[in-house]
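Below: the structure, in structure tokens.
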Amino acid sequence: MFSLTKIAPFILAGICLWCFGCSFPVRTGYDRSVGDYKSVPPSETASSRHETPIEEPETTEQSTVPQDSSKRMNSAEKARAAITKKEAAKAARRAAPRGDLENYARGWMGAKYVYGKATKTKTDCSGFVMQVYKGYYNIALDHSASKMYKDSRGKSVSRGGLKEGDLVFFGSLWKIDHVGIYLNGGRFIHASTKNGVMISPMQDKYWGHKYQGARRFR
């Protein structure tokens with residue numbers, strides 16, 4: 001029998017070799033033809049230490065920014081166009097020469113609206129027109145907007161062909177209930193139930209869609 005003290009060194013050496021082999025890093029690429037591991041190029045070793053970069057998708061900022069800016073430009077252009085249109089309308093009204101008729105009709109400015117009246121201080125819409133036409137043109141008209149509209153002496157005038165002094169009528173398809181006198185610059189002077197005798201634009205939000213036609217008596 002062998003003594004344990006004699007074989008102990010050999011057993012210890014075997015255990016050390018086994019532990020050393022397990023802790024040694026495993027290398028890949030063993031070549032049986034040469035009986036050794038293939039050498040790994042430095043570039044591959046270095047590249048293996050880094051993660052492969054992920055390609056980011058192409059940004060669409062260049063394509064979207066012009067679209068957004070174009071939308072902003074379109075809205076801005078529309079706003080500028082609206083402002084320019086309003087300013088042009090105001091300029092047209094300021095530039096419109098005030099005719100003798102307007103100067104004469106302004107003599108009723110401030111008169112209160114009173115149904116059935118026809119004076120310089122109290123008047124309704126047809127009463128105001130009746131007074132101005134009688135005093136300025138010496139033309140007698142009925143004290144009624146609907147009768148003025150139906151008066152055979154009046155010649156129908158298109159909206160685009162209006163001239164100062166033409167009578168403009170408002171209401172609905174079934175009834176004419178308001179009349180005024182057209183002035184230069186797309187305006188008309190009339191007796192409003194709320195504000196009395198005043199000057200309003202033909203494109204007024206209230207009166208614009210109630211416009212029914214015009215008549216010329218001179």
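Nearest heavy-atom pair, Ser146 versus Ile176, reported as atom, atom and distance to 0.1 Å: CB-O, 3.9 Å. The shortest heavy-atom contact between Gln212 and Leu173 is OE1-CD2, 4.0 Å. Of all non-hydrogen atoms in Asp142 and Met130, the two that sit nearest each other are C-SD, 4.3 Å. Heavy-atom minimum distance, Leu162 versus Ala214: CD2-CB, 3.4 Å.
Within 6.0 Å of atom NZ in Lys210, more than 12 heavy atoms from other residues, nucleotides or ligands are found, so the atom counts as buried in its surroundings.
The OG atom of Ser156 sits 4.5 Å away from atom CZ of Arg215, with the distance rounded to the nearest 0.5 Å. Separating the OG atom in Ser126 from the NE2 atom in His190 is a distance of 14.0 Å, to the nearest 0.5 Å. The line from CZ of Phe128 to CD1 of Ile189 is 4.0 Å long, rounded to the nearest 0.5 Å. With rounding to the nearest 0.5 angstrom, the CE atom of Met198 is 14.0 Å from the OH atom of Tyr113.
Each of Phe217 and Val157 belongs to its own hydrophobic cluster when Ile, Leu, Val, Met, Phe, Trp and Tyr are linked at side-chain heavy-atom distances under 4.5 angstrom. Clustering ILVMFWY residues whenever any of their side-chain heavy atoms sit less than 4.5 angstrom apart, transitively, puts Trp108 in the very cluster that holds Ile139. There is no path of hydrophobic side-chain contacts, each under 4.5 Å, that joins Val179 to Tyr115. Phe188 and Val197 end up in different hydrophobic clusters when Ile, Leu, Val, Met, Phe, Trp and Tyr side chains are linked at under 4.5 Å. When the side chains of ILVMFWY residues are joined at heavy-atom separations under 4.5 Å, either directly or via intervening members, Tyr182 and Tyr104 end up in two distinct hydrophobic clusters.
Contacts of Tyr137 classified as ring pair (Phe, Tyr, Trp, His ring centres under 6.0 Å), with partners at least two apart in sequence or in another chain: Tyr133. With sequence neighbours left out, the ring pair (Phe, Tyr, Trp, His ring centres under 6.0 Å) criterion links Tyr211 to Phe170.
Of the charged side-chain nitrogens involved, at least one lies within less than 4.0 Å of a carboxylate oxygen, so that Arg218 and Asp166 count as a salt-bridged pair.
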Side-chain donor-acceptor distances from residues 147-155 under 3.5 Å, at least two apart:
unit_1: Asp151; atom_1: OD1; unit_2: Arg153; atom_2: N; d: 2.9
unit_1: Asp151; atom_1: OD1; unit_2: Arg153; atom_2: NE; d: 3.2
unit_1: Asp151; atom_1: OD2; unit_2: Arg153; atom_2: NE; d: 3.3
unit_1: Asp151; atom_1: OD2; unit_2: Arg153; atom_2: NH2; d: 2.8
unit_1: Arg153; atom_1: NH1; unit_2: Ala140; atom_2: O; d: 3.4
unit_1: Arg153; atom_1: NH2; unit_2: Ala140; atom_2: O; d: 2.8

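Side-chain contact between Ile199 and Arg106 is present, with at least one heavy-atom pair separated by less than 4.5 Å. No side-chain heavy atom of Ser200 sits less than 4.5 Å from a side-chain heavy atom of Arg187. Side-chain atoms of Val168 and Ile181, non-hydrogen and from C-beta on, never get closer than 4.5 Å to each other. Side-chain contact between His143 and Asp124 is present, with heavy atoms from C-beta onward closer than 4.5 Å. When side chains are defined from C-beta on, Leu101 counts as touching Val132, because their heavy atoms get closer than 4.5 Å.
Between the side chain of Glu164 and the backbone N or O of Asn184 there is at least one donor-acceptor pair closer than 3.5 Å.
Taking the six-membered ring for Trp and thresholds of 30 and 60 degrees, His178 and Trp207 have nearly parallel ring planes, at less than 30 degrees apart.
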